[in-house]
2 protein chains.
Amino acid sequence: MPASTELHEAVALRLREIGHRYTAQRRALVEALAAAAGRPRSTSELLEGAGVPQSSAYRNLAALEQAGVVRRVVTDEEFARYELAEELTGHHHHLICSSCGRVEDVTVPPSLERDVDRTLDRIARRAGFAVVEHRLDLIGTCGGCAARYGVR
Amino acid sequence: MPASTELHEAVALRLREIGHRYTAQRRALVEALAAAAGRPRSTSELLEGAGVPQSSAYRNLAALEQAGVVRRVVTDEEFARYELAEELTGHHHHLICSSCGRVEDVTVPPSLERDVDRTLDRIARRAGFAVVEHRLDLIGTCGGCAARYGVR
DNA sequence: ATAAGGATGACTCTCATTCTCATTAACGCT
DNA sequence: AGCGTTAATGAGAATGAGAGTCATCCTTAT
Ligand SMILES: [Mn+2]
Ligand SMILES: [Mn+2]
Ligand SMILES: [Zn+2]
Ligand SMILES: [Zn+2]
């Protein structure tokens, strides 16, 4: 990962902009997230991976989220997952395995993104909503689970 | 709502199929959900709306979900929302206000649904996922919040 | 060097959701 | 109608992710 420096600089900047510091713990969290690129991590994985105490991890993830460095990914699991914000990694979507909870990044063709945006904008306007973003997830069964449990 | 009988019959059938009974409480929950059609309800709203004790409400919502009568809607709020399953109401998507948490049903044109399905199927196959369904949400600000807080 | 304010971590607290268990209500059968 | 089986109920306890507290430690700017 040669672009690592850029990442940290971008993160530091965003934190500074809201009056926060880029401490060793926060760096460890960002590193853990970057290492898991394409795989949103659960808070407990991050806890352990970054070797950060629980209360600090939650506090720092919140700070990083506020700074726009990190995004909370919502699934139907009972705990949260986090990934680097799209401003740092690019817009994408998720494959979610409803059997094991695995989450994986995917991108869709720009042509579809365009169609989706255009249509959703129209629909939202009609309903008096100001759209900020869309979320398009694929729910299904991952390869591992299909192999493990057979074709369900 | 003249089609109410049909709804209850469909629900009763689905419950019976998995060896469960359609009790008064479950009927009350289904009624509360039907009354709020197009607006996924939080568990506490359902609790109160259906006049059902907490432990029973959670247990019954789980039973109804297992029977495919009800669907848990995931948002970034810290509590769950429920709506009647798509098999009963039809496939649709959600407008989600990130300011007040309001959730509202929307449908998108069949042509877009088709494009989405086709593209996602291809993408998923490539990743070894067997897609079961897609989730397409619009995140933004509802009319009420825009008025209340001004254009953010 | 010093002051000001953010960051830390052990611990406590909250709150949605789940579990336990004794009791009650339904259903199917005779 | 009477019975036995099994699901459903409801009050309360337990669970667990996450948020809050506060005394202490560190950074950064002057
Ligand atoms: Mn992602
Ligand atoms: Mn809905
Ligand atoms: Zn899986
Ligand atoms: Zn709103």
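Throughout, a chain's letter reflects where its sequence line sits, starting with A, and its residues are numbered from 1. Just so we're clear, the structure is a prediction, and the values are computed from it rather than from any experiment.
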Taking atom P of C:dG9 as reference, at what distance in whole Å does atom CZ of A:R26 sit?
11 Å
Does the A:S42 side chain pair with the main chain of A:R81, one donor and one acceptor, at a distance under 3.5 Å?
no
Taking CD from B:Q25 and C1' from C:dA26, how many angstroms apart are they, rounded to a whole number?
14 Å
Sugar-phosphate only, base, or nothing, as touched by B:S55 at under 4.0 Å among non-hydrogen atoms
base
In whole Å, what is the span from the CG atom of B:L47 to the P atom of C:dC15?
15 Å
Only pairs at least two apart or in different chains count here, so list each salt bridge (Lys or Arg N to Asp or Glu O under 4.0 Å) that has a residue in residues 96-118 of chain B.
B:R102-B:E104, B:D115-B:R118
Figure out the CZ/P separation between B:R16 and C:dC27, and round it to whole Å.
10 Å
Would you say C:dT17 has OP1 or OP2 under 4.0 Å from some side-chain N or O of B:T43?
yes
With a 4.5 Å heavy-atom cut-off, do B:P40 and B:R71 have their side chains touching?
no
In B:H92, B:R72, B:R39, B:R41, the residue satisfying side-chain hydrogen bond (donor to acceptor under 3.5 Å, both in side chains) with B:E83 is B:H92
With a 4.0 Å cut-off on heavy atoms, is B:S56 in touch with a base, just the backbone sugar-phosphate, or nothing at all?
base
Return the 5'-most residue of the pair B:Y22, B:Q54 with respect to DNA chain C, ranking by each residue's nearest nucleotide.
B:Q54
What string of B, S and - do you get for nucleotides 22-30 of chain D, 5' to 3', if B is base contact, S is sugar-phosphate-only contact and - is no contact with any protein heavy atom under 4.0 Å?
----BB---
Check this one for me: any side-chain N or O of B:Y58 less than 4.0 Å away from OP1 or OP2 of C:dT17?
yes
Validation row: A:P109, B:T119 side chains within 4.5 angstrom (heavy atoms)
yes
Residue-level proximity of residues 61-85 of chain B to DNA chain C when a heavy atom falls under 4.0 Å
B:E78, B:F79, B:A80
Under-4.0 Å side-chain N/O to phosphate OP1/OP2 contact, A:N60 with C:dT8
yes
So do B:L120 and A:L136 actually touch side chain to side chain, heavy atoms under 4.5 Å?
yes
Hey, can you tell me if A:H8 and A:Y22 have their rings parallel, tilted or perpendicular (30° and 60° cut-offs)?
tilted
Can you tell me how far apart OG (A:S56) and CG (A:L61) are? Round to the nearest 0.5 Å.
10.5 Å
Base, sugar-phosphate, or nothing for A:S44, non-hydrogen atoms under 4.0 angstrom?
nothing
Output yes when a side-chain donor or acceptor of A:Q54 lies under 3.5 Å from a complementary backbone atom of A:L47, and no otherwise.
no
